[in-house]
Amino acid sequence: MTYRTRDFSGRDLAMMAIGAAAALMAARVLPPLVTQAVGTARGAAGGDPFARLTADHDHFLDLLDAMEETGDDQTFRRTQLLLRLKRGLTAHALAEEDVAYPALEHEVGDIEASRHLYAEHAQMKNWLYELEMIPKDHPAWRDRVRALRRIIASHAREEEEEEFPRLRAALDRRKAMTLSGAMSRERALVL
Ligand SMILES: [Fe+2]
Ligand SMILES: [Fe+2]
């Protein structure tokens with residue numbers, strides 16, 4: 001029995017490339033959309049739209065505690081923990097900067113509070129940069145972790161005790177649902 005091998009034409013290859021690109025696009029776009037639907041459903045069920053952000057705060061402080069406990073010789077662990085922190089902070093910041101803080105401006109009407117929170121995020125990024133710029137075995141590494149923890153803890157407290165409650169009070173059920181979905185979608189963009 002003989003098998004005929006088929007040469008792929010340029011058109012076939014182009015179609016395959018388009019198919020592969022479409023699959024890749026779907027793989028990257030679908031998770032945020034699915035997550036948005038889940039977030040919206042959570043909001044529709046009366047869930048707190050800011051619960052996930054509050055849980056993130058606790059997680060960041062735990063990671064920073066773990067970083068602080070590392071020895072100067074544990075450079076690989078320091079790198080791992082720092083990357084986990086950065087990834088989590090990036091997803092968290094997207095949800096806040098693209099959804100929660102604009103809502104603070106538009107739904108609560110407090111532009112100053114919103115700008116203040118954006119400014120604190122910028123400050124955190126500077127501290128993160130400083131932390132990344134020194135070698136992981138440097139004696140000052142732990143001090144920089146402590147400084148970063150202080151600013152994150154104070155910023156998180158402000159959000160949890162002041163700004164999230166004001167947002168909750170300003171949102172009706174439908175808005176809370178929309179925001180919950182939008183914040184879930186933003187977070188999923190970083191996954
Ligand atoms: Fe924040
Ligand atoms: Fe936050």
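All values below were derived from every heavy atom in this structure, side-chain atoms included, with hydrogens, water molecules and symmetry-related copies excluded. Indexing begins at 1, ligand by ligand and atom by atom, following the structure's order. No experiment lies behind these values; they were computed from the predicted model shown.
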K.L.:
Report the atom name of the nearest N/O/S atom of E159 relative to the Fe ion (ligand 1).
P.N.:
OE2
K.L.:
Test R52 against M183 for side chain to side chain contact (heavy atoms under 4.5 Å, CB included), laying out the working first.
P.N.:
CA-CA 9 Å; R52 190 69 197 270; M183 285 192 286; over 6 Å; no
K.L.:
Which of these passes side-chain contact (heavy atoms from CB on, under 4.5 Å) with H116: H155, E163, E158?
P.N.:
E158
K.L.:
Test side chain to side chain contact (heavy atoms under 4.5 Å, CB included) on T54 and E159 and set out the steps.
P.N.:
CA-CA 9 Å; T54 301; E159 288 178 340; over 6 Å; no
K.L.:
How wide is the angle at the Fe ion (ligand 1) between OE1 in E96 and NE2 in H121, to the nearest 10°?
P.N.:
90°
K.L.:
Is it true that some N/O/S atom of H92, main chain or side chain, lies under 2.8 Å from the Fe ion (ligand 1)?
P.N.:
no
K.L.:
With respect to E68, which candidate in R144, R142, R150, R146 satisfies the salt bridge (Lys or Arg N to Asp or Glu O under 4.0 Å) definition?
P.N.:
R146
